[in-house]
Amino acid sequence: MEKIAVIGLGYVGLPLALLAESKGFNVVGIDLDIKKLKVLKDKKSPIDDPESKFLLNKSEINFTNDFTVLLDVDIAIICVPTPVNDDKFPDLSIVMDASINTAKNLKKGALLIIESTINPGVCNELIIPAIEAQANHKVGKTLHLAHCPERINPGDTKWKVNNINRVIGADALDSLELAYSFYSRLIDADIKKMRSIKEAEAVKIVENSFRDINIAFVNELAMSFSKLGIDVNNVIDGASTKPFAFMPHYPGIGVGGHCIPVDPYYLIEYARSNGFEHHFLKLARSINESMPIYSVDKVEEKLIESGVGSLKDKNVCVLGLSYKANVGDDRESPSKVLINELEKRGAIISTYDPFFKNKSSSNNLNDAVNDKEVIFLVTAHDEFKKLNISLLKNGSIFFDGRNLFKNKQTQFIKNNIKYMGIGA
Ligand code: SAJ
């Protein structure tokens, strides 16, 4: 089997490297993070993925930060982050550096695959020119290049790197066939060949923008229906009985992560630079980004309505720092915007997330909720389902940012706790 290199050993690259090794490929893993390399060499997994933890135990992958190990590699796969910076502008520096440094060390005839999420145009207009200028390769001639956007869903126990359908794109037909042959041996799922590398880049951005706008739709419904006295979650469940043409999404205190709140900006900026304004995508982003502050406003209104004044000097607990249930990742998490807004309003804030004990001010759930006047639930971790509602302070507000307890509202009422949900 060919020798494979995976560059970027995070929640995308590490499972991919371990899967390739389990399929008999000779694998090397490259990452710039020395601490991460040490953890990996100690057979510990830096990501919350049970399968990776298991495979790592018996893995013989050479984890290194030395790009010269690429000299005899046949296929190199780039799995590095493609974030946005503070003003929501795409930051392609990491994927550009990784692609160039990799290509510089690849032999003639090698295949370079980009799995990182990139907008249409990045390969043709940025990566290929940079490789041909700096890495002494002619893409399509001395170096094969393909794009196969990653589709990892962190925390998902059903859909994993080995069984998720993929799309691949390359501008040279032989490069496309090489990439197709590799993924056909790697995964047990469908692989769709796109007509160009640009189409493959567009697929990932479209699938994640689709999710963002659908979440924005139900978030806007939640804000509207709360004024109409309608529980939007029940309505979504009702609409979900339609066996076709409806896909449920649910309102929440915000949209976090390294994908959904980020990827639309890649298309917005690329389209803008080519003369088109994505008003709809931008509006969806602004609705989703408004949810943490909308939640704070609703709670402060309730406090004032109850005659206890504003959030200033109130003891407030934030349950959940992660952007998503049962994973330890706080990138673009709504908890950050929420905590910042609560600080601005003078609240006394404590936090608890079982996946971020080192960042939490409380070290367990009971301590975190004890004697608090307001509790915001930001992340629907399984651990929070064990919350003992009778421990909550009499007369306090519980803002359920993920509607985790929407079917237990009577328990809150019994304990004289003001339960507030999103759209509930
Ligand atoms: N969220 C909502 N309402 C929803 C769904 C999600 O508010 O109905 C929020 C979540 O709480 C979270 C954010 O949106 O803060 C993102 O949630 P996510 O479930 O989309 O989680 P991600 O970011 O891990 O998305 C990944 C993506 N996978 C890739 O990009 C390869 C995405 O494409 C998948 O659709 C998604 O997993 C998935 O299906 O779970």
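Counting starts at 1 for both ligands and their atoms, following the listed order. Hydrogens, waters and symmetry mates are skipped; everything else that's a heavy atom, side chains included, is used.
One option in G256, G155, G252 has a heavy atom closer to atom 16 (C) of ligand 1 than any other, and that option is G256. Here the shortest heavy-atom distance to atom 37 (O) of ligand 1, taken over I205, N208, N153, belongs to N153. Nearest residue to atom 25 (O) of ligand 1 from V255, D156, I260, V378 is I260 (criterion: closest heavy atom).
Among the atoms of E150, none of the N or O lies under 3.5 angstrom from an N or O of ligand 1. In terms of polar-atom proximity, I152 is counted as a contact of ligand 1, with an N or O under 3.5 Å from an N or O of the ligand.
From the protein, the heavy atom lying nearest to atom 6 (C) of ligand 1 is I215 CD1, 3.6 Å. Closest to atom 19 (O) of ligand 1 among all protein heavy atoms lies R211 NH2, 2.9 Å. The protein heavy-atom contact nearest to atom 15 (O) of ligand 1 is Y323 O, 2.7 Å. Taking atom 3 (N) of ligand 1 as the reference point, the nearest protein heavy-atom neighbour is Y250 O, 2.7 Å. Of all protein heavy atoms, the one closest to atom 21 (O) of ligand 1 is K324 NZ, 3.3 Å.
Looking at D156 and K160, no side-chain N of the basic residue comes within less than 4.0 Å of a carboxylate O on the acidic one, giving no salt bridge. K192 and E199 are not joined by a salt bridge, as no carboxylate oxygen comes within less than 4.0 angstrom of a charged side-chain nitrogen. Under the 4.0 Å criterion applied to side-chain N and carboxylate O atoms, K406 and D231 are not assigned as salt-bridge partners. Under a 4.0 Å N-O distance rule, the pair D74/K3 does not qualify as a salt bridge.
At least one heavy atom of G254 sits less than 4.0 Å from an atom of ligand 1.
Although no hydrogens or angles enter the test, the distance criterion places a donor-acceptor pair under 3.5 Å between the side chain of K204 and the main chain of E150.
Ring centroids of F405 and F412 are separated by less than 6.0 Å, placing the two rings close together.
Taking the salt bridge (Lys or Arg N to Asp or Glu O under 4.0 Å) definition, one finds that D86 meets it with nothing, sequence neighbours left out.
The P154 neighbourhood of ligand 1 comprises atoms 24 (O), with distances under 4.0 Å to a heavy atom of that residue. Proximity to R402 (heavy-atom distance under 4.0 Å) selects the following atoms of ligand 1: 7 (O), 11 (O), 15 (O). In the vicinity of R151, heavy-atom distances shorter than 4.0 Å reach the ligand 1 atoms 31 (C). The atoms of ligand 1 that sit less than 4.0 Å from any heavy atom of K204 are 29 (C), 30 (O), 31 (C). The contact set between ligand 1 and C259, taken as ligand atoms under 4.0 Å from a residue heavy atom, comprises 29 (C), 30 (O).
F25 approaches R185 most closely through the heavy-atom pair CE2-NH1, 3.8 Å. In plain terms, the two heavy atoms of I197 and D171 that are nearest each other are N-OD1, 3.1 Å.
None of S322, S335, S360 except one satisfies the side chain to side chain donor-acceptor pair (under 3.5 Å) rule with D353; the exception is S322.
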